[in-house]
2 protein chains.
Amino acid sequence: MPKKNYSDLQVSFGAHLQKIRLSKGLSLRALATRCDLDDSKISKIENGKLNVQLSTIVELAKGLDINPKDLLDFG
Amino acid sequence: MPKKNYSDLQVSFGAHLQKIRLSKGLSLRALATRCDLDDSKISKIENGKLNVQLSTIVELAKGLDINPKDLLDFG
DNA sequence: AATATTGCGGACTTAAACGACCGCATTTTG
DNA sequence: CAAAATGCGGTCGTTTAAGTCCGCAATATT
């Protein structure tokens with residue numbers, strides 16, 4: 001099964017996002033209700049499948065109650 | 001002429017980007033050669049016309065020789 | 001055991017970012 | 001003045017994120 005070539009960047013961002021979400025004890029659906037995002041989309045982001053836009057980064061930060069720049073705080 | 005409705009977010013991001021670029025004494029074309037971006041695109045971003053993707057943010061940061069998170073350091 | 005929650009991924013449409021150009025009016029510089 | 005640099009905006013085709021909804025397997029809850 002040809003796994004698609006997700007960029008390291010997306011994968012790193014996703015992993016970082018997931019770590020923050022879990023540290024807040026939020027499920028995908030719980031986070032989704034806190035911002036204007038669908039839980040399936042957040043799942044895809046966490047798995048490095050999307051090259052998110054600025055507006056999405058800010059939405060995620062809103063739902064996580066953190067500063068958007070903290071979402072870029074990864075390797 | 002119906003000026004398009006660019007989001008505050010994009011405008012803020014663009015203004016911040018421009019400030020950083022100018023503080024480094026770089027022209028649009030100079031910055032463009034330092035990263036994999038077209039100067040016209042950077043212009044559009046600075047003028048709040050684009051909802052940039054994560055990869056673009058990182059490219060800009062690379063060209064500016066700063067941390068990507070610093071690009072989100074605005075109001 | 002029955003039910004609910006969770007993570008995940010597929011399907012689909014629409015809007016928009018991307019990428020690569022080009023051209024021009026206005027500075028700046030040689 | 002002439003030539004270069006600069007900022008900016010437009011076009012066009014291609015790609016893809018966004019948005020929405022559905023369904024399922026696995027785990028957790030009661």
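Proteins come first, then strands; the chains are lettered A, B, ... in the order of their sequence lines, and each starts at number 1. Quantities reported herein were computed from a predicted structural model and do not represent experimental measurements.
Rounding to whole angstrom units, NZ of residue A:K49 and P of D:dA18 are separated by 15 Å. Atom CD in B:Q18 sits about 14 Å away from atom P in D:dT6, given to the nearest Å. Rounded to an integer number of Å, the gap from CG of B:L54 to P of D:dA18 is 10 Å. Computed from coordinates, the B:N51 CG to C:dA16 P distance equals 10 Å when rounded to whole Å. Across the protein-nucleic acid pair, A:L50 atom CG and C:dA16 atom C1' stand 15 Å apart, rounded to whole Å. Put simply, CD on B:E46 is 13 Å from P on D:dT6, counting in whole angstrom units. Atom CG in B:N47 sits roughly 7 Å away from atom C1' in D:dC8 (whole-Å rounding).
Contact annotation: B:Q53 side-chain N/O to D:dT16 OP1/OP2 distance is not under 4.0 Å. Within the structure, every side-chain polar atom (N or O) of A:K44 is placed at least 4.0 Å from both OP1 and OP2 of C:dG9.
Counting only heavy atoms from C-beta outward, the side chains of B:L54 and A:L72 approach each other to under 4.5 Å. Two residues are said to be in side-chain contact when any heavy atoms from C-beta on lie closer than 4.5 Å; A:K69 and B:L71 fail this criterion.
At most 12 non-hydrogen atoms from other residues, nucleotides or ligands lie less than 6.0 angstrom from NZ of B:K19. At most 12 heavy atoms of other shown residues, nucleotides or ligands fall within 6.0 angstrom of atom CG in A:D36.
Side chain of B:T56, nearest nucleotide from C:dC18, C:dA11, D:dC8: C:dC18.
B:L28 and B:L22 fall into different hydrophobic clusters, where Ile, Leu, Val, Met, Phe, Trp and Tyr side chains are chained together by heavy-atom contacts under 4.5 Å.
Using cut-offs of 30° and 60° for the angle between ring planes, the B:F74 and B:H16 rings count as tilted.
Within residues 20-43 of chain B, the residues that place at least one heavy atom under 4.0 Å from DNA chain D are, in residue-number order, B:R21, B:S27, B:L28, B:R29, B:D39, B:S40, B:S43.
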